[in-house]
Amino acid sequence: MYRSLFNILSGRNTRQGLWGLPLLVALLISLWLTVQTREFATTENLFNLVAQAMPLIIAALGQLVVVLIGGLDLSVGSVISFTTAVLALGQPAILLIPAVFLLAAMIGLINGLAITRFNVHPIIATLSTQYIVLGITRILRPVSGGAVPGIVIDAVSGSLLGIPYPVFWGAVVILAAWKLLYGSRYGLHLFAIGGGIASGAESAARNFGVSDRRNIILAYVVCSCFAAVAGVFLAGRIVSGDPNVGLLFELDTVTAVALGGTQLSGGIGSLHGTVIGSLVMALLANGMNLANISPFVQTAIKGGILLAVVGLQSRKKMGL
Amino acid sequence: MTAPGPAGGATNPPDVPCVEAGSFEDFVTNLIEMSHISKAFGGSKALHSVSLDLKAGSVHALMGENGAGKSTLMKILAGVHQPDSGEIFMNGEKLDLKSPRAALDAGISTVFQEHLLLPNLSIAENMFLGREPIGRFGAIDYPAMNSQTAKALAELGLTLDPSQLVSNLTIAERQFVEIAHCIQADASVLILDEPTAALNAADVDVLNRNIRRLRDKGKAIVYISHRMEEIFELCDTVTVLKDGALVGTRMVSEITTDELIAMMVGRELQDLFPDRTDDKGDEILRVENLRITETSQPLSLTLHKGEIVALAGLEGQGQQRFLRSLIGRYHPFAGTISINGKALQMPLPASSGVRHLQQLKVGFVPEDRKEEGLFLALPIAHNIAIGLHSRRSELAPARPYRNVIARMMEVMNIKAAGLSTPVGSLSGGNQQKVLLGRYLAADLDLLLVEEPTRGVDIGAKSEIYHLLRDFTRKGGAVLVLSRETIELIGLCDRIYVVHHDTIVAEMPAAQATEHKILDAALTGGSARQH
Amino acid sequence: MAAVLANPIARRLLRIPPSYLVFLVLLATLWIARPNMLNLNIMGIFIRQIVPLGILVLGQLVVMRVKSIDLSGGGIILLINYFISSGSFPGASLPFFVALALATGLAIGLFNGFMIGNRRVSAVIVTLAVSIILVGLVQFLSSGNPPGDVPKLFNDLYNTKFLSVPTPVLFWILLTALVWLLLSRTVFGRYVASVGENAEAAHFSGVPVQRTVILAHTLAGLIASIAALVQTGSIAVGSVRVGLDLPILAVAATILGGVVFGRGDGGVWGPFFGALCFALLFVVMTVLGIDEPGKLIAQGVIILGAAIFYGVRVRTT
Amino acid sequence: ATSLAHAEDVKLMDGVTPRPDDTRMTAAGAFKKDPPWVIGMSDFGVNANTWTVQVAHEAENAAAKDKRISKFILLDAGFDQKKQVADIEDLIAQHVDAIIVQPVTSTSANASIAKAVAAGIPVILHTGRIDSDAYTTEIQGGAEHFGKVMGDWLVKTVGDNGKIWVLRGLAGHPEDTNRYNGLLESLKGTHVQIIAEEHGDWQYDKAKKLCETLYLNNPQVDGIWSSGADMTRACVDVFKQFGTPIPPISGEGNNGYFGQWITDGFKSISPEYSPAQGAAGVRAAVALLEGQQLYKRYVYNPDGWDKDKAAKYYRDDLTANVWWPSELPEDKLKEYYGKK
Ligand SMILES: Nc1ncnc2c1ncn2[C@@H]1O[C@H](COP(=O)(O)OP(=O)(O)OP(=O)(O)O)[C@@H](O)[C@H]1O
Ligand SMILES: Nc1ncnc2c1ncn2[C@@H]1O[C@H](COP(=O)(O)OP(=O)(O)OP(=O)(O)O)[C@@H](O)[C@H]1O
Ligand SMILES: [Mg+2]
Ligand SMILES: [Mg+2]
């Protein structure tokens, strides 16, 4: 049962990917900020950090699900914007919230069907839906505004026993993702399908009697639904619907997932890696603000740190 | 019918379903009836109206040349392919096998010819994939899964950790896991498509024992192999396919090897192995005091032009590691290697070792043709010519090499629609010939070959042996590694036996016997001759 | 019908990448809506608009053939545009800028290639991080020295014509033909095909796998710098912003052209038409006066529709 | 009355005046604090274009000039709503003395602005309105006004039956919508017809493609309403490329554009939208911290510039990317924008 610390940190000989290094980086950044700034290690800031990281964590966990099967979902950003737009339609929450998830699931279904039934490459399929959903969002809500149901706003801004609600969102979402990936047969099947695809044998899992198509479609549905959760959270945070709020989420989620050591070719990756990857990105943004780094150099520093972390995550195989 | 009926003939074991009423067959029932199955891929017909009956408690061999349609027929029974026409009955009831899942549910379990385990899952997860036991809260019950897996592996004499990832296993270990997976499914029909292609003699024995045990439990087993001796040792019935058509079904006890080969090949095979020659040329490879690992004993060998020399031994004794040390995949701990009298700069870099040896006219033919050998989606022409291209610089124009390729296709008797056929659509034997063709076409002096005939039919095997001999007659030399001892004895001039990462014996092949080799391989240093 | 499908020529025709299909549909739409626009002069100008993307696609397709990806093109274009427009090199001549651009692209491509081929890190993240760094670099530099004007010569060159076809378009076709030659007629092309199909097998056949990946990325960097020069020529002003969607569009055009990671069925001309599709798509939408949301929706529906149509055909044959 | 006079004394910027219909004021001394002060600014996007870069410079420069400001923290939201929410939270966490906000959208930052005010930190808004009253004071150069200045001029120039193209900015951006609404205001009651309306994202390259396409589709156009200077330059270049007369087209206070306008002599107008609003925001913060009384709302609705006024500001020795009017001192102008 014993595995060396190195193996755990490097993620070798497991299917969890190389998540140790980003964890180390997250810890180092936190340590540096604690020493350098007065404000970082305050509960107020740490709770801020959780709330800031939350939409990315949620959406990235959805992205993780499709990345594990060797796919990619470029439509998450649009789905997020779309969700906020629908939520701001001014209808009662009891109507809007189910509607939001139904619509997101439909988008995921279209992605999944196009990819599995019609052999469309995931990048093409999800880029197309990205455009379509963004177009619809722009019709619904040309500019930001509208009224988000109060319950949504309260659900992200309140607190319970001194612990702000975003912390609970995080707990619930991570628990759900954990159950999905590690606490069910479906999760194992995702890894199986991804492992087959990564090793070039698309139908490997099918020969074991695992229905790959249905599972792949479901993965895209799950990803969209996670994006919708992120959208609900964001709608509460920006208190409005906004056609652009999800912009660049597709790249950020993929970055967070890959930063956490998950391999984009599928089959190798982990939930905790993805959470760590998202946290590193949020830490960078929060940390550079607190350390008063000029906005003119922030982008370069962010890129440099990304490159440094990823540059050390050398893998066995070349590829995406 | 003089053949011994299936074990316990009259008393059917309890898990064999009874004959359906109205059936007027003899008392040994057909568990599976495949009737008039046809299947075409694109334009080419893989199966024409083939019928096959499987009986409970019997091992049924499926024989035929590469590309005869054996795997296709079995993939239809396994639900992977759907037949264009024809029907399948189980106990007289029609089966509609739409997917592998459907076949599994019907009690048909398969070891596919291609390794299909998922590298990123553990052994136990692979074993139970698709039917994982569920514990509390819908989670997978890992303790149960692992302990059952350990038990199944133990039955095959394996002591692997069930939670280990498959990507960490050797080929033979993976093969065993697949077999364990197949057995574990507790199906009534087991299909084993070339389960022994990656196994050596000792492992084959273990497997045979298990197959007999399952047969005695009343399972119907289909056994596909290109190794004749296994068929005669293990099987009750044999069906031969040729070019997608049924040639015939016979009791194994009523047929001789030569008859069987004639059924398969359509003619009497002259001689399986080419004649040996005595004209040894200059020394081409000299390895001195090479220590494969830090703790292993030094090893030395020489190879001359005109010679085929083998490395024999049990699985995992370091033969493969040694061969791959020569191309820089592993870095040996100490020792020298010289080629044509010139010492190699050690260690060879892992990324360019192959190219470096190529400049010295040495080629390496890997064992795993799917993973390491072939470009399955690319044309035959590309697969052969790449060995010639890779000796030239990037900006050089890519010559078509039409003549070379056409000659190879002809010399090697590769059965394909044309030069531009993707290699992936060829049968295993023809794929192997394409792979070898790449190195024979590349104008090399020394070939390092791992498993020259893995999964290759007897006719093609013979062709490959002759091709290798022709290669040495023209002044080439071959260092070969194989799990099939008989092949080594028949093909080679000399045999080195490897044990524990070093050479423990050397013998002329003409005097070698399976027993002598096994003896050396088992006892190690004590049997060292010379 | 089955007989027709079995015919190798018919099957080949059916495997034509979706880009040709989209192109034809758009051309037909334009022909119906604005027949007067289908003349060489006008089409030349439309096609010229897409040349930077078209050139970027060439680099993208090379790296995608070796199962990699390059998202750093946007950053390269921005940086080179900044070099030229910021006046950081006072009095520099055109050849100097060209040399500077090519050297920059080459160096960045080489770096990408080294990280991906030698260090074996994730291609998506490395090239994305490089792009972010380049964008950040330009932001940093332009905080002290914002970009100004692009030397006039660039724009003058961009506006030249040869036999009434805009020179940039001819240049693009020429470059595409060169890449086609490289991939189909040289040993490097064979290496690329081999590495993309099976890197391990390529290694054992003596193909220098690492070097091929590094070269492919170096080439992509170089090509991106050429795209940057053309893009700079097309605009008179420097910019501190770049569409990060340019590389993604290049990936989409490449896939639409039948080239996916590791496979190159569409050759070079499939992606070429992929880029053309984006040019025509823009023109058709603008000419028809479709509003912004409508454009997005139509764009998505057309691309998805073509890909589905293609996927269905491939599946049934 | 004294306090009113007091408030009038505070000069935020040329052209900035209290909003006539709103007399609400901050309480005198409500935010008074002893220096040194730490002032934070949440910028909607520093690196969007050269105008936003200059706003940041103007703000930093104004802060640097005032020795009582010990630290000026500039945070860049990069047009990302959630990043702005985070930025404001981070500023609150650092207990800055005042926060200047350029809102990304009219709603997204409202909650965090309210949070800052609740924490006792004054919030000054500029270059973007919000749908709430939660801020302390605002200086708003109305985007509608900007669009209307151009629209009114265009209606006058092309006549009642003119046919115009409309080049809009980034779709979904409030500035784009508001400027466009200003145009619609001008068009009310006229028969001016919009024959093409496209989004050029305020960028040169995209606008150039658009104008080329629109021109080739139908070159008959009487005037062009352009929502930003780079788009105007691109469009002018397209007409020059085709060698046809340049139709009346609206511009903006950008040095490069002024140069083009002066050389090519086409009909145009330049609405004023000074990047010095960045400095005005800092001055407002200082005024509040000094304990002065400010109006709740200031407007910045200057007239458009004609070519003569543009020619007075135009500087041939500076690059295209400086925007007028500017408060940057000569040495900074030379440093940032001097032609080398
Ligand atoms: N999926 C497929 N697509 C196209 N052709 C195929 C496919 N599967 C099999 N074939 C063709 O069908 C024929 C029969 O192949 P099959 O694999 O059944 O032969 P086999 O008897 O198993 O040979 P081997 O002994 O080499 O395993 C071959 O010509 C092969 O090329
Ligand atoms: N859809 C397909 N298109 C093209 N080739 C395929 C397809 N499916 C399988 N093949 C290839 O066709 C070959 C022959 O068919 P089959 O799948 O029956 O295996 P096989 O011949 O028994 O395998 P082996 O290569 O080990 O002998 C296989 O090597 C397989 O990779
Ligand atoms: Mg077979
Ligand atoms: Mg076969």
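The sequence lines fix the lettering, A, B, ..., with proteins before strands; numbering per chain opens at 1. Below, each value reflects all heavy atoms present in this structure, side chains not excepted, and no hydrogens, waters or symmetry copies. Model, not experiment: these values are computed from the prediction.
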Between [atom1] of [X] and [atom2] of [Y], what distance do you get to the nearest 0.5 Å?
| X | Y | atom1 | atom2 | value |
| --- | --- | --- | --- | --- |
| C/Arg48 | D/Glu212 | CZ | CD | 5.0 Å |
| D/Arg233 | C/Ile235 | CZ | CD1 | 10.0 Å |
| D/Asn321 | C/Ser85 | CG | OG | 8.0 Å |

Sequence neighbours excluded - ring-ring contact (aromatic ring centres under 6.0 Å, His included) pairs with any residue from residues 22-55 of chain C: C/Phe23-C/Phe273
Neighbour count above 12 (heavy atom, 6.0 Å) for D/Phe72 CZ: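 More than 12 heavy atoms, drawn from other residues, nucleotides or ligands, come within 6.0 Å of this atom.
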Where does [X] contact chain C at under 4.5 Å (heavy atoms): side chain, backbone, both or neither?
| X | value |
| --- | --- |
| D/Leu318 | neither |
| D/Gln241 | side chain |
| D/Tyr215 | neither |
| D/Asp237 | side chain |

Contacting region of C/Asn41 [heavy-atom separation from chain D under 4.5 Å]: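 For C/Asn41, neither part sits under 4.5 Å from chain D.
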Under 4.5 Å from any heavy atom of chain D - which part of C/Tyr158: side chain
When D/Ile195, D/Thr213, D/Asp205 are compared by non-hydrogen pairs under 4.5 Å with chain C, the top option: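 Highest number of heavy-atom pairs under 4.5 Å: D/Thr213.
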Check whether any side-chain heavy atom of [X] lies under 4.5 Å from a side-chain heavy atom of [Y], and answer yes or no.
| X | Y | answer |
| --- | --- | --- |
| D/Leu216 | C/Ile45 | yes |
| D/Asn217 | C/Met37 | yes |
| C/Met285 | D/Glu198 | no |
| D/Lys209 | C/Thr286 | no |

Stepwise salt bridge (charged side-chain N to carboxylate O under 4.0 Å, His left out) check, C/Glu292 with D/Arg168: CA-CA 10 Å; C/Glu292 196 68 16; D/Arg168 298 181 57 174; over 6 Å; no
